[in-house]
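Only this structure's heavy atoms are used, side chains among them; waters, hydrogens and symmetry mates stay out.
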Amino acid sequence: MFLTVTTTGTPEHPATDLGFLLHKHPDKAQAFSTSFGTAHVFYPEAAEQRCTAALLLEVDAVTLVRRGKGKGRGGAPDAALAQYVNDRPYAASSLLAVALSNVFSSALRGVCRTRPERAARPLPLRVEIPALPARGGPGLVRRLFEPLGWAVAVEAVPLDTRFPEWGDSRYVRLVLESQTLTLSNALRHLYVLLPVLDDAKHYWVSPDEVDKLMRSGEGWLPRHPEQKLITSRYLSRRWSLTREAMDRLELIRLAEADDSEVEEIDNAVEADAEQEPRPTPLAVHRREAILTALRENAAARVLDLGCGEGHLVRELLKEPRFTEIVGVDVSVRALTIASRRLKLDRMGERQAARVRLFQGSLAYTDKRLKGYDAAVLSEVIEHLDLPRLPALEYAVFGSARPRTVVVTTPNVEYNVRWESLPAGHVRHRDHRFEWTREEFRTWAGTVAERHGYGVEFRPVGPDDPEVGPPTQLALFTLGTTNETPTATPTATEKEAKAA
């Protein structure tokens, strides 16, 4: 197996910095033992203008068979001869992905102590793989890599050049080029997509593979158009693991939705806006409406579900009436940003005792969410696929059961008032739906009746007489005479409870 990574440079930033980023010196040829052979790293060229690092993986077929890694796809043993005579030594596969992870582990994580600024900066990159198994052909290769910012040159390898009528093999020659990716991004793409294209893993796929996929797919997999195929193939079509990964990816998409785009639409003004008073951002109206609802219901212990980067948590901390504030999000990255924004590491002891941030999925019941006065779902539900809403509903209203629940979501009828929003478009690319006022009232009324809550509706932002407010708010209050759900949990709810 063979792979090369090439970059170009300038006198200020020589191409040989690639050696620092990979933690492998250009003047040395190095060898690394793996459980299936030897990985060699060397540099065919190393100059200031152009530098190429090569990874050559020598697979020991005998060792591979003895350790159980010579089994055929799907776990069934190959024929005796096929265990030793196969494409493993030559075609890029999960073996090469594992070698990338072992040999370039620091580069994969984006760590470089000597050149940290170079590790964080996009590089001109060219990746070449002369033999790559591609179940799905050149078309699938393009569909996997092009959305990630790669220029893809892919050529099918003929089955036999002497007999062109036999057609093409399942192998391709691949060249990837990019000016916009960091080396870490490039290596993470390869680590995930090489075994996906081969459609095989040459080791047992255990539950911790989901965590590996989440780490390597951070920042790109949640929005990839071929996300389902990538997840299923990477996890060897193990349904339970694939479902877990897809749930986590969906919630990451929800958590990483950037409210700034919505606020740009919210605050769009005419060209001469600098001569007019700047309107109050809808996000400010939204937070004030939420705070008002919480104050009116005397909530002291509050959950911010889908807290993102902590904007609402910060507002809650300003008021002593809120004695315990918990921010919950599926994204570790969002929680890290929230922690920095709130300055938790420098917060006084008394103030710090009022706030907690922890990771959690709203698609599953969680004992940590029980016992609170109020829960807030601010601009959360529209980021979920509709079939996943019952699971969230049961986790919040059926299991956690706070006394008060505040839910806000866009009013799609108001979209015609946004001059910068094309007709038929949702406000944010990650919105799975946007409801009319009637649709939101129907959903909220059904939820309230099913779980023993009363519900009232409030406008957020200017209430247009024709199309209503830009944001709609539902305030749920747990009934004093009906403390148990009035309807039997659905199958999805039972699944969430069991999880």
Apply side chain to side chain contact (heavy atoms under 4.5 Å, CB included) to Arg118 and Leu21, showing your working.
CA-CA 8 Å; Arg118 291 287 275 165; Leu21 300 181; 3.9 Å; yes

Heavy-atom pair with the smallest gap, counting every atom of [X] and [Y]:
| X | Y | answer |
| --- | --- | --- |
| Ala444 | Phe476 | O-CE2, 3.4 Å |
| Cys307 | Leu335 | SG-CD2, 3.8 Å |
| Leu478 | Gly452 | CD1-O, 3.7 Å |
| Gly310 | Leu342 | O-CD2, 4.1 Å |

Do [X] and [Y] make a side-chain contact, defined as non-hydrogen atoms from C-beta onward lying under 4.5 Å apart?
| X | Y | value |
| --- | --- | --- |
| Trp239 | Arg237 | no |
| Lys343 | Met347 | no |
| Thr408 | Leu377 | no |
| Arg295 | Glu319 | yes |
| Val405 | Thr477 | no |
| Asp304 | Val328 | no |
| Glu177 | Leu125 | no |
| Phe457 | Leu475 | no |

Does a donor on one side chain and an acceptor on the other come within less than 3.5 Å for His451 and Glu393?
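Side-chain D/A pair, His451 to Glu393: present.
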
Under a plain distance cut-off of 3.5 Å, with no hydrogens placed, do Arg403 and Asn297 share a side-chain donor-acceptor pair?
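Side chains of Asn297 and Arg403: no pair found under 3.5 Å.
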
Is the shortest side-chain N to carboxylate O distance from [X] to [Y] below 4.0 Å?
| X | Y | result |
| --- | --- | --- |
| Glu413 | Arg437 | yes |
| Arg458 | Asp463 | no |
| Asp247 | Arg388 | yes |

Could you check whether the rings of His383 and His431 sit parallel, tilted or perpendicular, using 30° and 60° as the cut-offs?
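If you compare the ring of His383 with that of His431, the planes turn out perpendicular.
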
Going by the angle between their ring planes, with limits at 30° and 60°, are Trp443 and Phe440 parallel, tilted or perpendicular?
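Because their plane-to-plane angle is under 30°, the rings of Trp443 and Phe440 count as parallel.
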
Walk me through whether Glu288 and Arg286 qualify under salt bridge (charged side-chain N to carboxylate O under 4.0 Å, His left out).
CA-CA 5 Å; Glu288 186 52 44; Arg286 189 185 303 122; over 6 Å; no

Taking atom [atom1] of [X] and atom [atom2] of [Y], what is their separation to the nearest 0.5 Å?
| X | Y | atom1 | atom2 | value |
| --- | --- | --- | --- | --- |
| Trp150 | Thr180 | CH2 | OG1 | 8.5 Å |
| Leu148 | Glu226 | CG | CD | 11.0 Å |
| Thr404 | Leu303 | OG1 | CG | 11.5 Å |
| Tyr234 | Thr242 | OH | OG1 | 12.0 Å |
| Tyr414 | Glu434 | OH | CD | 13.5 Å |
| Ser105 | Leu187 | OG | CG | 10.5 Å |

Working for side chain to side chain contact (heavy atoms under 4.5 Å, CB included), residues Phe104 and Val5:
CA-CA 12 Å; Phe104 299 136; Val5 178; over 6 Å; no

Step by step, would you call Arg135 with Leu197 a side chain to side chain contact (heavy atoms under 4.5 Å, CB included)?
CA-CA 6 Å; Arg135 291 185 179 270; Leu197 283 166; over 6 Å; no

Is the backbone N or O of [Y] less than 3.5 Å from a side-chain atom of [X], with the two atoms forming a donor-acceptor pair by type?
| X | Y | answer |
| --- | --- | --- |
| Thr7 | Pro124 | yes |
| Gln359 | Asp329 | no |
| Thr182 | Asn185 | yes |
| Lys228 | Met246 | no |
| Asp385 | Pro387 | no |
| Gln472 | Trp435 | yes |
| Glu309 | Ala338 | no |
| Ser361 | Ala363 | yes |
| Arg432 | Ile381 | no |
| Asp373 | Val302 | no |

Can you list the residues that meet the side chain to side chain donor-acceptor pair (under 3.5 Å) rule with Thr409, with sequence neighbours excluded?
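Thr409: side chain to side chain donor-acceptor pair (under 3.5 Å) contacts with Glu382.
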
Test salt bridge (charged side-chain N to carboxylate O under 4.0 Å, His left out) applied to Glu117 and Arg121, step by step
CA-CA 6 Å; Glu117 73 289 347; Arg121 184 187 307 151; 5.5 Å; no

Arg354 to Phe322, cation-pi by 6.0 Å centre distance and 45° axis angle
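Here Arg354 fails the 6.0 Å and 45° test against Phe322.
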
Decide salt bridge (charged side-chain N to carboxylate O under 4.0 Å, His left out) for Glu315 and Lys318; before the verdict, give the C-alpha distance in whole Å, the side-chain angles of both, and the deciding distance to 0.1 Å.
CA-CA 5 Å; Glu315 295 303 312; Lys318 294 177 181 178; 3.2 Å; yes

Can you check side chain to side chain contact (heavy atoms under 4.5 Å, CB included) on Thr471 and Leu282, steps first, answer last?
CA-CA 8 Å; Thr471 294; Leu282 181 56; 3.4 Å; yes

